[in-house]
Amino acid sequence: MLFADTPAGPQFVLLALLGLTTALLLWRGHRRRMQIAGRDVAGEVRREFHDAARAGTSEIHRMESRLYDFGREVEGRVETTLATLDRLIEDAEDEIIRLELLLERSRQAPVDRATLRLPDAIGPGQRPLSPEQRRMIAHLAAAGYVVDEIARLVDRSPGEIARALGDENSEPHADAA
């Protein structure tokens, strides 16, 4: 009875679309089942493992080459540093020899008193005291410093300081006038 009545135009189109969709879905399912059935899963797993091992091996080779390059660079730097240090040691040894020769010559050479320069031990005492130094000596003495301390501070002999203080005491002060 279903087919007794001829379907009208729109019903016929819907029924045809439904049949066509069903056939398409059945055909796709059948095709997928055939693909899955024809697939070599073990072969795919072997290929994946082989690809992973090859990638790991290539990474190891790449790292080995980088390590080799780094080793060569470090070796070059060390050799350069060692060469520089060797040169510095040679220079230092040459300087030591030169200084030892100078020392030996200075020990063997007679001392020339005319060219020998001694420290200026009596030089500062030969200069007369300036008025500022005399005032400073007087202020330090008034502050309670003793002759030896004042002599060290103004870089003069204690005798000079004592004479300067004696001169100060013998001079009439402006306050006494």
message = Show me the pairs that pass salt bridge (Lys or Arg N to Asp or Glu O under 4.0 Å) and involve residues 97-109, at least two apart or across chains.
response = Glu95-Arg98
note = Residues at least two apart in sequence or cross-chain that pass salt bridge (Lys or Arg N to Asp or Glu O under 4.0 Å) with Asp51, listed by chain then number, are Arg54
Results of side chain to side chain contact (heavy atoms under 4.5 Å, CB included) for Ser130 - residues two or more places apart only = Glu132, Gln133
key: Set of residues satisfying salt bridge (Lys or Arg N to Asp or Glu O under 4.0 Å) with respect to Arg72, sequence neighbours excluded   = none
key: Taking every non-hydrogen atom, the tightest pair across Arg156 and Ile161   = CB-CD1, 3.9 Å
ask   = Are Phe12 and Leu14 grouped together when hydrophobic residues (ILVMFWY) are joined by side-chain heavy atoms under 4.5 angstrom apart?
value = no
Could you pull out every donor-acceptor pair under 3.5 Å between side chains of residues 15-27 and any protein atom, sequence neighbours left out?
residue	atom	partner	partner atom	Å
Thr21	OG1	Leu17	O	2.7
Thr22	OG1	Leu18	O	2.8

message = Could you measure the distance from the CG atom of Leu88 to the OG1 atom of Thr81? Nearest 0.5 Å is fine.
response = 11.0 Å
inquiry  = Going by salt bridge (Lys or Arg N to Asp or Glu O under 4.0 Å), name the pairs with one or both residues in residues 57-69, residues two or more places apart or in two chains.
reply    = Glu59-Arg62
message = Among residues at least two apart in sequence or on other chains, which ones pass salt bridge (Lys or Arg N to Asp or Glu O under 4.0 Å) with Asp91?
response = Arg87
inquiry  = Working to the nearest 0.5 angstrom, can you tell me the gap between Ile89 CD1 and Asp94 CG?
reply    = 12.0 Å
Could you go through residues 137-152 and list every donor-acceptor pair under 3.5 Å that involves a side-chain atom there, pairing it with any protein atom two or more places apart or in another chain?
residue	atom	partner	partner atom	Å
Glu149	OE1	Val146	N	3.2

key: Under the side chain to side chain contact (heavy atoms under 4.5 Å, CB included) test, residues paired with Glu44 that sit two or more places apart   = Arg39, Arg47
Ala53: side chain to side chain contact (heavy atoms under 4.5 Å, CB included) partners, not counting sequence neighbours = none
query = Using a side-chain heavy atom cutoff under 4.5 Å and only I, L, V, M, F, W and Y, what cluster partners does Val74 have?
reply = Phe70, Val78, Leu82
